Engineer: 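Would you mind keeping the following structure in view while I ask a few things?
None of the values given here were measured: they were computed from a predicted structure. In what follows, every chain begins at residue 1, and chains take the letters A, B, ... in the order their sequences are listed.
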Amino acid sequence: MHDVIAELRWRGLIHQSTDDAGLPAWLVEKPRSVYAGFDPTADSLHVGHLMALMILRRFQQAGHRPIALVGGATGMIGDPSGKSEERNLLSVDQLRANVAGMEPQLRRFLNFDAGPGAAVLVNNFDWMGRFGYLEFLRDVGKHFPVNVMLAKDSVRSRLERTDAGLSYTEFSYMLLQAYDFVHLFNEYACEVQVGGSDQWGNITAGIDLARRLRGVQLYGMTCPLLTRSDGQKMGKSESGALWLDPEKTSPYQFYQYWINLDDADVATCLRFFTDLGQDTIDRVLAEHEADRGRRTAQRCLAAELTRLVHGPDGLTIAERATQIFFGAEIGELPEAQLQGIFADVPSRELPREKLQGNGLPMADALVAAGLAKSKGEARRTITHGGAYVNNRRAGELDRCLTLDDLVGESTIVLRSGKKKYGLLRFV
RNA sequence: GGGGGGUUUCCCGAGCGGUCAAAGGGGUCAGACUGUAAAUCUGAUGGCAAUGCCUUCGCAGGUUCGAAUCCUGCACCCCCCA
């Protein structure tokens with residue numbers, strides 16, 4: 001069997017493990033089952049989930065069986081780990097919708113069809129939902145010394161804050177996650193849990209519980225939390241999280257995020273998020289070093305990830321839109337080609353009449369296209385020379401869009417700054 | 001229970017009767033330089049039918065020609081003494 005730990009190690013994906021010395025050999029011995037949990041806080045996964053997802057994927061590639069757990073039950077409680085304040089509870093309907101949204105996305109990363117190593121998708125609501133309160137307290141709660149629970153980072157940091165409390169509900173969260181681990185051990189012989197470094201406390205809670213309840217030794221491993229060199233959270237764009245759902249974050253926007261990544265972060269991301277091997281990555285990085293202006297590494301990363309998340313078609317669309325916007329003159333594009341990128345670049349529809357007469361003032365157009373929050377902001381952008389119509393600078397405040405500005409049948413391409421595009425479609 | 005301090009625009013933080021849409025910093029946006037990078041520099045940064053009008057300084061009232069600034073009450077937070 002492939003040594004998955006060695007693989008994860010060179011990629012920099014190991015932060016802590018419960019048994020640094022023994023784990024590699026134990027994993028090479030025979031296929032094991034590994035699980036990671038995903039709380040359904042939204043109806044789509046986002047880039048923040050990618051780390052754990054890629055780790056499961058690599059375990060599967062190495063011959064192990066990945067188990068993706070969606071937290072239909074734990075999501076009802078809310079994990080205090082890494083959260084500075086108490087969370088609002090999600091409604092049951094919302095949770096159900098969120099779980100439904102995440103499931104097909106998980107399937108993109110893991111293979112659910114292939115024999116003994118086939119991935120498994122479970123929802124902890126299926127076993128937690130039926131658990132009676134008294135039963136749970138007797139069977140599970142009894143094994144948790146409160147002083148140990150209080151010592152966990154996730155709890156302690158919250159208790160130390162004077163401005164944010166910790167409810168009994170969230171305090172109990174770790175019991176649920178701990179029990180999940182034991183349950184998965186019972187049902188799937190799952191012996192390893194992976195997660196972000198903030199999950200350490202929850203993972204070890206599960207290991208302790210398994211020892212007490214079943215007398216078995218389970219394993220845990222965490223990956224580092226990924227932050228960008230400028231301190232921002234990876235995968236956070238100006239407009240919020242980078243979703244894996246193409247309806248929320250289009251393949252074009254997704255692709256653009258990675259294309260724009262700092263040089264300082266690109267090597268790490270290549271190792272974390274692509275399936276490329278060490279040799280290939282080294283070659284790409286060397287090529288990138290040789291001529292940074294070509295952004296070889298970013299292009300490679302963006303292509304690999306977009307293909308993984310949105311498929312070859314998604315990548316094609318993203319690349320084509322990128323070529324059109326950052327390359328050629330827009331003036332003469334055929335309508336058909338514009339249609340292709342419509343779906344992907346934020347666009348708004350407006351009635352065609354707006355272009356008649358004096359036309360549509362530039363500032364209104366920018367606001368309508370979502371490129372400015374207010375007319376004041378739009379005006380500033382224009383005055384500073386940051387507004388473009390069909391890639392041509394439009395610097396005059398009194399500039400109005402008319403029928404003459406249409407590209408193809410019904411489109412006008414607006415841009416604010418260097419790279420923020422918005423399409424207006426006049427129907 | 002007693003005493004003191006605080007709540008300002010996206011965030012931090014000045015302002016303490018008019019010249020306050022409110023200093024400064026951060027962030028953000030735009031420009032220059034570049035490589036759709038980083039760093040740096042420049043400008044902008046409540047809204048709008050815009051030489052004006054409207055909304056904003058915890059909430060509600062009051063004093064005043066005029067209040068973020070003064071008074072009263074309320075809410076929340078912090079600190080000190082019991």
Engineer: Could you tell me whether the side chain of A/Q105 and the main chain of A/L45 form a donor-acceptor pair under 3.5 Å?
Structural biologist: yes

Engineer: Are a donor atom and an acceptor atom from the side chains of A/N123 and A/E103 found within less than 3.5 Å of each other?
Structural biologist: no

Engineer: How are the rings of A/F325 and A/Y421 set relative to one another: parallel (under 30°), tilted (30 to 60°) or perpendicular (over 60°)?
Structural biologist: parallel

Engineer: Looking only at atom P, what distance separates B/G4 and B/A23, rounded to whole Å?
Structural biologist: 33 Å

Engineer: Please state the C1' separation for the pair B/G2 and B/C11 - nearest whole angstrom.
Structural biologist: 36 Å

Engineer: Determine whether a donor-acceptor pair (N or O, by modelled atom type, separation under 3.5 Å) exists between the side chain of A/H384 and the backbone of A/G386.
Structural biologist: no

Engineer: Whole angstrom is fine here: how far is it from NE2 in A/H384 over to P in B/A30?
Structural biologist: 11 Å

Engineer: When the P atoms of B/U55 and B/A67 are compared, how many Å lie between them, rounded to an integer?
Structural biologist: 13 Å

Engineer: Both A/I259 and A/A387 contact RNA chain B. Taking the nearest nucleotide for each, which residue is further toward the 5' end?
Structural biologist: A/A387

Engineer: Find the distance A/Q298:CD to B/U36:C1' and express it as a whole number of Å.
Structural biologist: 10 Å

Engineer: With both distances kept under 3.5 Å, what pairs with B/U45, Watson-Crick or G-U wobble?
Structural biologist: B/G27

Engineer: In the structure shown, which nucleotide is the Watson-Crick or G-U wobble counterpart of B/U40, with both distances under 3.5 Å?
Structural biologist: B/A32

Engineer: Taking pairing as Watson-Crick or G-U wobble with both contacts under 3.5 Å, can you name the mate of B/A67, or confirm there isn't one?
Structural biologist: none

Engineer: Could you tell me the separation between the CG atom of A/N260 and the C1' atom of B/U34, rounded to a whole number of Å?
Structural biologist: 13 Å

Engineer: Compute the ring centroids of A/F59 and A/Y35, then answer whether they are less than 6.0 Å apart.
Structural biologist: no

Engineer: Which residue, A/L261 or A/T381, contacts RNA chain B at a nucleotide closer to its 5' end, judged by nearest heavy atom?
Structural biologist: A/T381

Engineer: Go through B/A30, B/C33, B/G35 for me and flag the one nearest to the A/R295 side chain.
Structural biologist: B/G35

Engineer: Return no unless some side-chain N or O of A/Y388 is found under 4.0 Å from OP1 or OP2 of B/G31.
Structural biologist: yes

Engineer: Under 4.0 angstrom, heavy atoms only, what part of the nucleic acid is A/S416 near: base, sugar-phosphate, or nothing?
Structural biologist: sugar-phosphate

Engineer: Assess the residue pair A/R58 and A/D275 against the criterion (salt bridge (Lys or Arg N to Asp or Glu O under 4.0 Å)); give the C-alpha distance rounded to whole Å, side-chain angles, the decisive distance to 0.1 Å, and a yes or no.
Structural biologist: CA-CA 8 Å; A/R58 295 186 210 290; A/D275 286 332; 3.6 Å; yes

Engineer: Mind checking A/G386 for me? I need base, sugar-phosphate or nothing, with any heavy atom below 4.0 Å counting as a touch.
Structural biologist: sugar-phosphate

Engineer: Measure from the side chain of A/D262, starting at C-beta and using heavy atoms only, and say which of B/G35, B/G43, B/A37 lies closest.
Structural biologist: B/A37

Engineer: Atom OH of A/Y255 and atom C1' of B/U36: how far apart are they, to the nearest Å?
Structural biologist: 11 Å

Engineer: Would you mind telling me which of B/U36, B/U34, B/A37 lies closest to the side-chain atoms of A/K418?
Structural biologist: B/U34

Engineer: Expressed as a whole number of angstroms, how long is the span from A/Y421:OH to B/U36:C1'?
Structural biologist: 9 Å

Engineer: Ignoring hydrogens and angles, answer whether the base of B/G35 and the side-chain atoms of A/R294 contain a donor-acceptor pair closer than 3.5 Å.
Structural biologist: no

Engineer: Base, sugar-phosphate, or nothing: which does A/R415 touch, judged by heavy atoms less than 4.0 Å apart?
Structural biologist: nothing

Engineer: Given side chains that start at C-beta, do those of A/L305 and A/F254 come closer than 4.5 Å, heavy atoms only?
Structural biologist: yes

Engineer: For nucleotides 45-47 of chain B, print each protein N/O atom paired with a nucleotide N/O atom at under 3.5 Å, atom names and distance only.
Structural biologist:
| unit_1 | atom_1 | unit_2 | atom_2 | d |
| --- | --- | --- | --- | --- |
| B/G47 | OP1 | A/S374 | OG | 2.7 |
| B/G47 | OP2 | A/R380 | NH2 | 3.3 |

Engineer: Hey, are the side chains of A/T249 and A/Y257 touching, using non-hydrogen atoms and a 4.5 Å cut-off?
Structural biologist: no

Engineer: Please report the distance separating the C1' of B/G43 from the corresponding atom of B/C54, rounded so that it comes out in whole Å.
Structural biologist: 27 Å

Engineer: If you check the A/H288 side chain, which of B/G35, B/U36, B/G31 turns out closest?
Structural biologist: B/G35

Engineer: Using the C1' atom in both, what is the distance from B/C10 to B/U45, to the nearest Å?
Structural biologist: 10 Å

Engineer: Roughly how many Å apart are B/G47 and B/U56, using the C1' atom of each and rounding to a whole number?
Structural biologist: 10 Å

Engineer: Would you kindly give the CZ-to-C1' distance between A/R292 and B/G35, to the nearest whole Å?
Structural biologist: 11 Å

Engineer: Tell me the interatomic distance from A/Q256, atom CD, to B/U36, atom P, rounded to whole angstroms.
Structural biologist: 11 Å

Engineer: With rounding to whole Å, what would you report as the distance between B/U7 and B/G15 at their P atoms?
Structural biologist: 10 Å

Engineer: Under 4.5 Å between any side-chain heavy atoms of A/Y219 and A/L27, yes or no?
Structural biologist: no

Engineer: Can you find a donor-acceptor pair, distance only, under 3.5 Å between A/K420 side chain and B/U36 base?
Structural biologist: no

Engineer: Measure CD1/A/I382 against C1'/B/A44 and give the value in whole Å, please.
Structural biologist: 14 Å

Engineer: For B/A37 and A/K419 - does any side-chain N or O of the residue sit under 4.0 Å from the phosphate oxygens OP1/OP2?
Structural biologist: yes

Engineer: Decide yes or no, distance alone: a donor-acceptor N/O pair under 3.5 angstrom between the base of B/G35 and the side-chain of A/D291.
Structural biologist: no

Engineer: Quick one: which of A/N202, A/D39, A/N124, A/T74 gives a side chain to side chain donor-acceptor pair (under 3.5 Å) with A/Q177?
Structural biologist: A/N202

Engineer: Which whole number of Å gives the distance between the C1' atom of B/G6 and that of B/C59?
Structural biologist: 16 Å

Engineer: May I ask which nucleotide in the shown strands pairs with B/C74, Watson-Crick or G-U wobble, both distances under 3.5 Å?
Structural biologist: B/G58

